[in-house]
Amino acid sequence: METSSLGKAFGGRTVLDGVSFGVKKGEVFGFLGPNGAGKTTTLRLLLGLLEPDDGEALVFGDRLADRDDLRRRVGVLLEGNGLFDQLSARENLDYYGRLYGVPDLAQRISDILVLTGLEERAGSAVGTFSTGMKRKLGLGRALLHEPEILFLDEPSSGLDPEAQRMVRELIIEVSRHESVTVFLNSHNLDEVQRVCDTVAILDRGRIRAYDRVAALVENRGGVHFTLTLADAGDASRAEGILAAMEEVRDYRIADGVITTVLPEGAAPAEVLARLVREGILIEEARKTRRSLEEIYLDAVGPTEGSA
(Lines give C-alpha, C1' and ligand atoms only; values in the text may rest on other atoms or scores of the structure.)
Protein backbone atom coordinates (compact mmCIF):
# COMPACT_ATOMS: atom_id res chain seq x y z
CA MET A 1 0.00 0.00 0.00
CA GLU A 2 1.12 3.57 -0.45
CA THR A 3 0.04 7.14 0.07
CA SER A 4 1.29 10.04 -2.02
CA SER A 5 0.96 13.70 -0.93
CA LEU A 6 -2.22 12.75 0.92
CA GLY A 7 -4.28 15.69 2.16
CA LYS A 8 -7.56 15.96 4.04
CA ALA A 9 -9.40 18.77 5.80
CA PHE A 10 -12.63 18.91 7.77
CA GLY A 11 -14.51 22.18 8.07
CA GLY A 12 -11.51 24.18 6.95
CA ARG A 13 -9.20 22.46 9.47
CA THR A 14 -6.29 20.62 7.88
CA VAL A 15 -5.98 17.10 9.29
CA LEU A 16 -3.47 15.63 6.81
CA ASP A 17 -0.92 17.65 4.86
CA GLY A 18 1.21 15.90 2.22
CA VAL A 19 1.41 12.48 3.89
CA SER A 20 3.50 9.98 1.88
CA PHE A 21 4.69 6.51 2.85
CA GLY A 22 4.71 2.95 1.53
CA VAL A 23 4.20 -0.48 3.09
CA LYS A 24 5.88 -3.53 1.55
CA LYS A 25 4.37 -6.98 1.33
CA GLY A 26 4.93 -8.94 4.53
CA GLU A 27 5.82 -5.94 6.69
CA VAL A 28 4.37 -5.04 10.05
CA PHE A 29 4.05 -1.28 9.64
CA GLY A 30 3.51 0.93 12.67
CA PHE A 31 1.72 4.23 12.20
CA LEU A 32 2.49 6.25 15.32
CA GLY A 33 1.24 9.55 16.57
CA PRO A 34 -0.53 11.30 19.44
CA ASN A 35 -4.30 11.39 19.68
CA GLY A 36 -5.66 13.70 17.01
CA ALA A 37 -2.57 13.49 14.81
CA GLY A 38 -4.54 12.16 11.82
CA LYS A 39 -3.82 8.42 12.10
CA THR A 40 -7.41 7.19 11.93
CA THR A 41 -8.18 9.61 9.09
CA THR A 42 -5.28 8.12 7.12
CA LEU A 43 -6.56 4.62 7.83
CA ARG A 44 -10.06 5.48 6.64
CA LEU A 45 -8.65 7.02 3.46
CA LEU A 46 -6.69 3.84 2.73
CA LEU A 47 -9.84 1.78 3.30
CA GLY A 48 -11.85 3.98 0.95
CA LEU A 49 -14.20 5.12 3.71
CA LEU A 50 -13.21 8.74 3.07
CA GLU A 51 -12.23 10.62 -0.08
CA PRO A 52 -8.93 12.53 -0.04
CA ASP A 53 -8.85 16.23 -0.84
CA ASP A 54 -5.36 15.84 -2.31
CA GLY A 55 -3.08 13.00 -3.30
CA GLU A 56 -3.77 9.28 -3.35
CA ALA A 57 -4.19 6.37 -0.94
CA LEU A 58 -3.69 3.10 -2.79
CA VAL A 59 -3.88 -0.54 -1.72
CA PHE A 60 -2.77 -3.22 -4.19
CA GLY A 61 -2.13 -0.30 -6.56
CA ASP A 62 -5.73 0.92 -6.63
CA ARG A 63 -8.41 2.63 -4.54
CA LEU A 64 -10.32 0.21 -2.33
CA ALA A 65 -13.45 2.35 -2.72
CA ASP A 66 -13.56 1.40 -6.41
CA ARG A 67 -12.80 -2.32 -6.20
CA ASP A 68 -14.99 -4.90 -4.43
CA ASP A 69 -12.49 -7.63 -5.32
CA LEU A 70 -9.66 -5.78 -3.59
CA ARG A 71 -11.72 -5.08 -0.47
CA ARG A 72 -12.13 -8.83 -0.01
CA ARG A 73 -8.33 -9.13 0.24
CA VAL A 74 -8.09 -6.97 3.38
CA GLY A 75 -9.12 -7.54 6.98
CA VAL A 76 -10.06 -4.69 9.30
CA LEU A 77 -10.28 -4.29 13.06
CA LEU A 78 -11.33 -0.80 14.08
CA GLU A 79 -12.15 0.44 17.58
CA GLY A 80 -14.93 -2.10 18.10
CA ASN A 81 -14.55 -5.84 17.77
CA GLY A 82 -17.70 -6.32 15.67
CA LEU A 83 -18.89 -9.22 17.83
CA PHE A 84 -22.30 -10.27 19.11
CA ASP A 85 -22.23 -10.88 22.87
CA GLN A 86 -25.17 -13.28 22.86
CA LEU A 87 -23.50 -15.60 20.33
CA SER A 88 -20.65 -17.97 21.09
CA ALA A 89 -17.18 -17.49 19.67
CA ARG A 90 -17.83 -20.20 17.09
CA GLU A 91 -21.23 -18.74 16.15
CA ASN A 92 -19.70 -15.28 15.67
CA LEU A 93 -17.09 -16.69 13.32
CA ASP A 94 -19.69 -18.77 11.50
CA TYR A 95 -21.85 -15.68 10.93
CA TYR A 96 -19.01 -13.65 9.44
CA GLY A 97 -17.67 -16.63 7.52
CA ARG A 98 -21.00 -17.06 5.73
CA LEU A 99 -21.08 -13.33 4.92
CA TYR A 100 -17.65 -13.63 3.29
CA GLY A 101 -18.43 -16.95 1.64
CA VAL A 102 -15.40 -18.58 3.27
CA PRO A 103 -14.82 -22.05 1.79
CA ASP A 104 -14.45 -25.04 4.13
CA LEU A 105 -15.78 -22.78 6.85
CA ALA A 106 -15.85 -25.29 9.70
CA GLN A 107 -12.15 -26.04 9.31
CA ARG A 108 -11.24 -22.35 8.97
CA ILE A 109 -13.16 -21.54 12.17
CA SER A 110 -11.27 -24.28 13.99
CA ASP A 111 -7.98 -22.91 12.69
CA ILE A 112 -8.85 -19.39 13.87
CA LEU A 113 -9.86 -20.61 17.32
CA VAL A 114 -6.53 -22.41 17.65
CA LEU A 115 -4.62 -19.38 16.35
CA THR A 116 -6.27 -17.09 18.89
CA GLY A 117 -6.03 -19.61 21.73
CA LEU A 118 -9.79 -19.66 22.20
CA GLU A 119 -10.57 -23.25 21.19
CA GLU A 120 -11.55 -24.18 24.76
CA ARG A 121 -14.05 -21.30 24.87
CA ALA A 122 -15.48 -21.86 21.40
CA GLY A 123 -18.97 -22.61 22.75
CA SER A 124 -19.05 -19.82 25.34
CA ALA A 125 -21.08 -16.67 24.84
CA VAL A 126 -18.81 -13.78 23.90
CA GLY A 127 -20.53 -11.65 26.54
CA THR A 128 -18.72 -13.75 29.17
CA PHE A 129 -15.28 -13.04 27.67
CA SER A 130 -12.67 -10.69 29.12
CA THR A 131 -11.77 -7.56 27.15
CA GLY A 132 -8.55 -9.19 25.97
CA MET A 133 -10.34 -12.35 24.82
CA LYS A 134 -12.85 -10.26 22.87
CA ARG A 135 -10.01 -8.40 21.19
CA LYS A 136 -8.34 -11.66 20.21
CA LEU A 137 -11.59 -12.97 18.76
CA GLY A 138 -12.03 -9.66 16.94
CA LEU A 139 -8.63 -10.21 15.37
CA GLY A 140 -9.69 -13.73 14.46
CA ARG A 141 -12.83 -12.35 12.82
CA ALA A 142 -10.70 -9.94 10.75
CA LEU A 143 -8.47 -12.86 9.67
CA LEU A 144 -11.26 -15.33 8.96
CA HIS A 145 -11.37 -14.84 5.19
CA GLU A 146 -7.54 -15.09 4.91
CA PRO A 147 -6.80 -11.45 3.99
CA GLU A 148 -3.44 -10.43 2.58
CA ILE A 149 -3.43 -7.16 4.54
CA LEU A 150 -4.69 -6.61 8.07
CA PHE A 151 -5.59 -3.07 9.18
CA LEU A 152 -5.58 -2.59 12.96
CA ASP A 153 -6.70 0.59 14.70
CA GLU A 154 -5.36 0.78 18.27
CA PRO A 155 -5.76 -2.97 18.88
CA SER A 156 -4.43 -2.78 22.46
CA SER A 157 -6.35 0.30 23.54
CA GLY A 158 -7.99 -0.17 26.94
CA LEU A 159 -6.38 -3.56 27.57
CA ASP A 160 -4.46 -4.54 30.70
CA PRO A 161 -0.75 -5.44 30.29
CA GLU A 162 -1.41 -9.18 30.03
CA ALA A 163 -4.07 -8.68 27.35
CA GLN A 164 -1.74 -6.31 25.47
CA ARG A 165 0.93 -9.02 25.47
CA MET A 166 -1.58 -11.54 24.11
CA VAL A 167 -2.52 -9.20 21.27
CA ARG A 168 1.15 -8.46 20.44
CA GLU A 169 1.94 -12.15 20.24
CA LEU A 170 -1.03 -12.72 17.94
CA ILE A 171 0.07 -9.92 15.60
CA ILE A 172 3.54 -11.45 15.37
CA GLU A 173 2.03 -14.89 14.79
CA VAL A 174 -0.19 -13.84 11.88
CA SER A 175 2.62 -11.85 10.28
CA ARG A 176 5.18 -14.63 10.45
CA HIS A 177 3.08 -17.74 9.95
CA GLU A 178 0.07 -16.52 7.95
CA SER A 179 2.17 -14.16 5.76
CA VAL A 180 -0.16 -11.24 6.43
CA THR A 181 0.97 -7.64 5.92
CA VAL A 182 -0.07 -5.64 8.99
CA PHE A 183 -0.87 -1.92 9.17
CA LEU A 184 -0.84 -1.07 12.88
CA ASN A 185 -2.33 2.27 13.82
CA SER A 186 -1.21 3.02 17.37
CA HIS A 187 0.19 5.40 19.95
CA ASN A 188 1.50 2.51 22.07
CA LEU A 189 5.27 2.93 21.66
CA ASP A 190 6.20 -0.30 23.39
CA GLU A 191 3.82 -2.30 21.23
CA VAL A 192 5.14 -0.76 18.01
CA GLN A 193 8.81 -1.25 18.90
CA ARG A 194 8.19 -4.90 19.79
CA VAL A 195 6.24 -5.95 16.69
CA CYS A 196 6.89 -3.54 13.81
CA ASP A 197 9.48 -3.67 11.03
CA THR A 198 8.93 -0.09 9.84
CA VAL A 199 7.30 2.95 11.43
CA ALA A 200 6.07 6.35 10.40
CA ILE A 201 5.49 9.02 13.05
CA LEU A 202 2.66 11.44 12.31
CA ASP A 203 2.05 14.70 14.14
CA ARG A 204 -0.28 17.56 13.27
CA GLY A 205 -1.01 15.97 9.93
CA ARG A 206 2.57 15.54 8.73
CA ILE A 207 5.09 12.69 8.73
CA ARG A 208 7.88 13.60 11.17
CA ALA A 209 9.94 10.39 10.93
CA TYR A 210 9.76 7.35 8.65
CA ASP A 211 12.18 4.41 8.48
CA ARG A 212 12.79 0.86 9.58
CA VAL A 213 12.72 0.56 13.37
CA ALA A 214 16.29 -0.75 13.47
CA ALA A 215 17.56 2.23 11.46
CA LEU A 216 15.68 4.74 13.58
CA VAL A 217 16.97 3.50 16.92
CA GLU A 218 20.51 3.28 15.56
CA ASN A 219 20.85 6.54 13.67
CA ARG A 220 17.93 8.89 14.20
CA GLY A 221 19.44 12.33 14.70
CA GLY A 222 23.03 11.10 14.34
CA VAL A 223 25.39 8.56 15.89
CA HIS A 224 25.00 8.32 19.67
CA PHE A 225 27.74 6.95 21.90
CA THR A 226 29.08 7.19 25.44
CA LEU A 227 32.63 7.37 26.81
CA THR A 228 33.42 6.61 30.44
CA LEU A 229 36.50 8.45 31.68
CA ALA A 230 39.03 6.49 33.72
CA ASP A 231 39.49 9.62 35.84
CA ALA A 232 36.42 11.83 36.37
CA GLY A 233 38.83 14.67 37.10
CA ASP A 234 39.62 14.83 33.37
CA ALA A 235 36.05 15.97 32.60
CA SER A 236 36.80 19.67 32.15
CA ARG A 237 39.81 18.99 29.91
CA ALA A 238 37.78 16.49 27.84
CA GLU A 239 35.03 19.08 27.48
CA GLY A 240 37.48 21.58 26.03
CA ILE A 241 38.71 19.03 23.47
CA LEU A 242 35.18 18.11 22.41
CA ALA A 243 34.17 21.76 22.09
CA ALA A 244 37.01 22.31 19.59
CA MET A 245 35.96 19.37 17.36
CA GLU A 246 33.67 20.41 14.51
CA GLU A 247 32.28 16.90 14.05
CA VAL A 248 30.96 16.79 17.61
CA ARG A 249 27.51 18.31 17.37
CA ASP A 250 26.30 17.80 20.92
CA TYR A 251 27.69 16.37 24.13
CA ARG A 252 27.04 16.14 27.87
CA ILE A 253 29.47 15.22 30.66
CA ALA A 254 28.18 14.00 34.01
CA ASP A 255 29.88 11.90 36.68
CA GLY A 256 32.77 11.11 34.38
CA VAL A 257 30.57 9.87 31.52
CA ILE A 258 30.50 11.67 28.15
CA THR A 259 27.32 11.29 26.12
CA THR A 260 27.72 12.67 22.61
CA VAL A 261 26.07 12.78 19.19
CA LEU A 262 27.87 12.84 15.85
CA PRO A 263 26.37 13.44 12.41
CA GLU A 264 25.26 10.30 10.58
CA GLY A 265 28.25 8.65 8.92
CA ALA A 266 30.77 10.13 11.36
CA ALA A 267 33.27 7.79 13.04
CA PRO A 268 33.18 7.67 16.87
CA ALA A 269 36.68 6.12 16.75
CA GLU A 270 38.10 9.46 15.59
CA VAL A 271 36.73 11.24 18.64
CA LEU A 272 38.06 8.49 20.89
CA ALA A 273 41.52 8.66 19.26
CA ARG A 274 41.66 12.46 19.65
CA LEU A 275 40.89 12.24 23.37
CA VAL A 276 43.49 9.51 23.90
CA ARG A 277 46.15 11.53 22.01
CA GLU A 278 45.46 14.42 24.35
CA GLY A 279 46.11 12.18 27.34
CA ILE A 280 42.50 11.47 28.32
CA LEU A 281 42.23 7.87 29.55
CA ILE A 282 39.00 6.13 28.50
CA GLU A 283 37.70 3.24 30.58
CA GLU A 284 34.81 2.27 28.27
CA ALA A 285 33.44 3.37 24.90
CA ARG A 286 30.22 2.13 23.37
CA LYS A 287 27.73 3.07 20.71
CA THR A 288 24.25 3.52 22.12
CA ARG A 289 20.79 2.87 20.73
CA ARG A 290 17.98 5.32 21.28
CA SER A 291 14.60 4.11 22.37
CA LEU A 292 11.59 4.62 20.14
CA GLU A 293 10.18 6.80 22.90
CA GLU A 294 13.11 9.22 22.60
CA ILE A 295 12.74 9.32 18.83
CA TYR A 296 9.00 9.85 19.14
CA LEU A 297 9.40 12.74 21.59
CA ASP A 298 12.00 14.34 19.32
CA ALA A 299 9.57 14.08 16.41
CA VAL A 300 6.36 15.28 18.07
CA GLY A 301 7.53 16.97 21.27
CA PRO A 302 6.63 16.05 24.84
CA THR A 303 3.00 17.09 24.50
CA GLU A 304 0.39 15.62 22.20
CA GLY A 305 -0.57 17.34 18.99
CA SER A 306 -4.07 18.65 18.49
CA ALA A 307 -4.60 18.41 14.71
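At least one donor-acceptor pair under 3.5 Å links the side chain of Y96 to the backbone N or O of G82. At distances below 3.5 Å, not a single donor-acceptor pair connects side-chain atoms of E2 with backbone N or O atoms of L58.
Between L115 atom CG and L144 atom CG the span is 11.0 Å, to the nearest 0.5 Å. Between the CG atom in L77 and the CG atom in L184 there is a gap of 10.5 Å [rounded to 0.5 Å]. How far CG of L170 is from CG of L150: 9.0 Å, rounded to the nearest 0.5 Å. Put simply, OG1 on T40 and CG on L49 are 11.5 Å apart, with the number rounded to the nearest 0.5 Å. From I241, atom CD1 reaches atom CD of E278 across 4.5 Å, with rounding to the nearest 0.5 Å. Taken to the nearest 0.5 Å, the CG atom of D231 stands 10.5 Å off from the CD1 atom of I282.
Remark: D94 engages R98 in a salt bridge, criterion side-chain N to carboxylate O under 4.0 Å. Residues E169 and K136 are not paired through a salt bridge, judged by the lack of any N-O separation under 4.0 Å between the basic side chain and the carboxylate.
In this structure, E51 and A65 approach most closely via the heavy-atom pair OE2-CB, 4.4 Å. Scanning all heavy atoms of the two residues, the minimum distance from L113 to E119 falls at O-OE1, 3.1 Å. Residues R121 and A89 share a closest heavy-atom pair of O-CB, 4.0 Å. Heavy atoms only, all atoms of each residue included: N188 and S186 are closest at N-OG, 2.8 Å. Of all the heavy atoms in F84 and N92, the pair that sits closest is N-OD1, 2.8 Å. Closest heavy-atom contact between L202 and K39: CD2-N, 3.6 Å.
Ring pair F151/F183 is tilted by interplanar angle, where 30° to 60° counts as tilted.
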Checklist entry - What's the verdict on side chain to side chain contact (heavy atoms under 4.5 Å, CB included) for V59 and R67, showing C-alpha distance, side-chain angles and the deciding distance? => result CA-CA 10 Å; V59 179; R67 298 279 300 274; over 6 Å; no
Checklist entry - Passes side chain to side chain contact (heavy atoms under 4.5 Å, CB included), L292 versus L32? Steps please. => result CA-CA 10 Å; L292 190 58; L32 274 170; 3.8 Å; yes
Item to check | Residue pair D190, R194: steps toward the salt bridge (charged side-chain N to carboxylate O under 4.0 Å, His left out) verdict | outcome: CA-CA 6 Å; D190 180 63; R194 286 172 183 263; 2.8 Å; yes
Next on the checklist: As a quick check of understanding, evaluate side chain to side chain contact (heavy atoms under 4.5 Å, CB included) for I207 and F31, giving each step before the final call.
Outcome noted: CA-CA 10 Å; I207 297 290; F31 200 44; 3.8 Å; yes
Item to check | Audit row: E148, T181, side chain to side chain contact (heavy atoms under 4.5 Å, CB included) steps and yes/no | outcome: CA-CA 6 Å; E148 297 169 51; T181 302; over 6 Å; no
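With F60 as the aromatic partner, R73 meets the cation-pi criteria of under 6.0 angstrom to the ring centre and within 45 degrees of the ring axis.
Atom CG of D255 sits in a sparse spot, with 12 or fewer heavy atoms from other residues, nucleotides or ligands closer than 6.0 Å.
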